[in-house]
Number of protein chains: 2
Amino acid sequence: MRALTPKGAATRQRIVEGAAKLIRDHGPANVGLDDIRAATATSKSQLFHYFPDGKADMLLAVAAHEAELVLDEQQPYLGDLTSWAQWEAWRDRVIARYAAQRRRCPLSALTAQLGLADPAVEGIITGMYSRWQAQIAAGVRAVRPDADAERVATQLIGAITGGATMLVATDDIRYLEIGLTEAIENLRRGAPGAGSSLR
Amino acid sequence: MRALTPKGAATRQRIVEGAAKLIRDHGPANVGLDDIRAATATSKSQLFHYFPDGKADMLLAVAAHEAELVLDEQQPYLGDLTSWAQWEAWRDRVIARYAAQRRRCPLSALTAQLGLADPAVEGIITGMYSRWQAQIAAGVRAVRPDADAERVATQLIGAITGGATMLVATDDIRYLEIGLTEAIENLRRGAPGAGSSLR
DNA sequence: GGCAGTTTGGACCGCACAGTCCAATCCATG
DNA sequence: CATGGATTGGACTGTGCGGTCCAAACTGCC
């Protein structure tokens, strides 16, 4: 694993992506190493060659991969929330993405399976959220310099996460639509956090 | 199971509560039937006597039990959101409850384990949310008759769920605090939904 | 007190599935 | 073309754990 030829790297990548697809479709609990082996045209020894610590190691790589995707799919809007039009486009993209995915949220399924106790899992998740939040906060500063950008970003992340969780739980996209829309509208109307009357 | 003497009912209850505690502490994936057996002073045959469909059946009962608790622990405030003081008290209760629980959210762990595909699981979850939402909506009507109560209730449920999810993911209570506080404050300020400028 | 149903004990089974092992093959480098 | 390391194939192992089974012990009822 320390020395890794191009061929090896390709195989490893193939495993991660194949496993990711399988897990997205069937859930991590219903995917065994043999399924992954079959789907990626690999052998048992390859799996353990590239992921010496076994399945948990592999799922970790898959989780990291999925976390990347979450942010990538919000681009280019997320990285450039400098106008209300961009905010709208971003919102629509997020909603469309989750509407397409519906109940299949690979990341939540994966983390539930792996357990947040594992520091490596926690690192992936908190890393993703902190990058996400930073980009949103930058957007808030661009359109509402008077707002408490961190607070608003926290609120937005919470609204999206809540919408996504409710989507998985109830197969209803409205929680995300309403939560995200209201939060943005709230920001647009005033400057919550900074001059707000609360606490 | 159709005929169930008082003694039998007590045993069944003991199993559910014992399993619930175990699962709260260790997560459903780390709790086997033997653990439950040991913790509840029962035998294998009792487990299958009271839950003929096996472990899934049992976890379902545990999930239903936990869902009840979620709502119960918000009382009496949730059922009587007729003044802003009650709203504040409710908010504080919710935050305190999750702050105490921290990352251990038995319901999310359980549903992740069981899979939302199962209609019985979905029924428990959607039932809980719809009762929850109905009580919130009633409260909205009491303090803001001009607002779109259903929309606001949806937003609030989303904010709480998001806060809870982020709490589990990052062990940070601020998402819940900020999300819930902002949503209530937003409601207090105006009448979102009804006269809002958005869609 | 005897009968039918419920409740309980615990040995036993089966298998899915993660993980191991060793031999075969590829490939870069000198 | 020789050599060492990376890569690959696939049979094999071990076991954790959900689930089955039957017999024993209660419990209520006529």
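Chain A is the first sequence line, chain B the second, and so forth, proteins listed ahead of strands; every chain is numbered from 1. When reading the values below, keep in mind they use all heavy atoms of this one structure, side chains included, and skip hydrogens, waters and symmetry mates. From a predicted model like this one, the values you see are computed outputs, not experimental measurements.
- Per the geometry, CZ belonging to A/R37 stands 10 Å off P belonging to D/dG9, to the nearest Å.
- Using a 3.5 Å distance cut-off with no hydrogens or angles, the side chains of A/Q46 and A/T11 do not pair a donor with an acceptor.
- In this structure, the side chain of A/T170 does not engage the main chain of A/L167 through any donor-acceptor pair within 3.5 Å.
- Comment: A/R141 engages A/E150 in a salt bridge, judged by a side-chain N to carboxylate O separation of less than 4.0 angstrom.
- Mapping A/A29 and B/T11 onto DNA chain C by nearest heavy atom places B/T11 at the nucleotide closer to the 5' end.
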I'd like a list of close polar pairs between nucleotides 19-21 of chain C and the protein, N/O only, cut-off under 3.5 Å.
residue : atom : partner : partner atom : Å
C/dG19  : OP2  : A/K55   : N            : 2.9
C/dG19  : N7   : A/K44   : NZ           : 3.2
C/dG19  : O6   : A/K44   : NZ           : 2.7

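- Remark: C1' of C/dC17 and CZ of A/F51 are 18 Å apart, rounded to the nearest angstrom.
- A/H49 places its NE2 atom 13 Å from the P atom of D/dG5, with the value rounded to the nearest Å.
- B/T42 and B/R14 form no side-chain donor-acceptor contact under 3.5 Å, judged by distance and modelled atom types alone.
- C/dT7 atom C1' lies 13 Å from atom CG of B/L47, rounded to whole Å.
- Atom NZ of A/K44 sits about 10.5 Å away from atom CD1 of A/I36, to the nearest 0.5 Å.
- The CD1-P distance, from A/I36 to D/dG9, rounds to 16 Å in whole Å.
- A salt bridge does not link A/R12 with A/E17: none of the charged nitrogens is closer than 4.0 Å to a carboxylate oxygen.
- Within the 4.0 Å cut-off from OP1 or OP2 of C/dT7, at least one side-chain nitrogen or oxygen of B/T5 is found.
- Mapping B/D34 and B/K7 onto DNA chain D via the closest heavy atom, the residue that lands nearer the 5' end is B/D34.
- Remark: P of C/dT6 and OH of B/Y50 are 10 Å apart, rounded to the nearest angstrom.
- For A/S43, the side-chain atoms get nearest to D/dG9 when compared with the rest of D/dT7, D/dT27, D/dG9.
- In this model, no donor atom of one side chain and acceptor atom of the other lie less than 3.5 Å apart for A/Y50 and A/Q13.
- An OP1 or OP2 oxygen of C/dT7 is reached within less than 4.0 angstrom by no side-chain nitrogen or oxygen of B/Q46.
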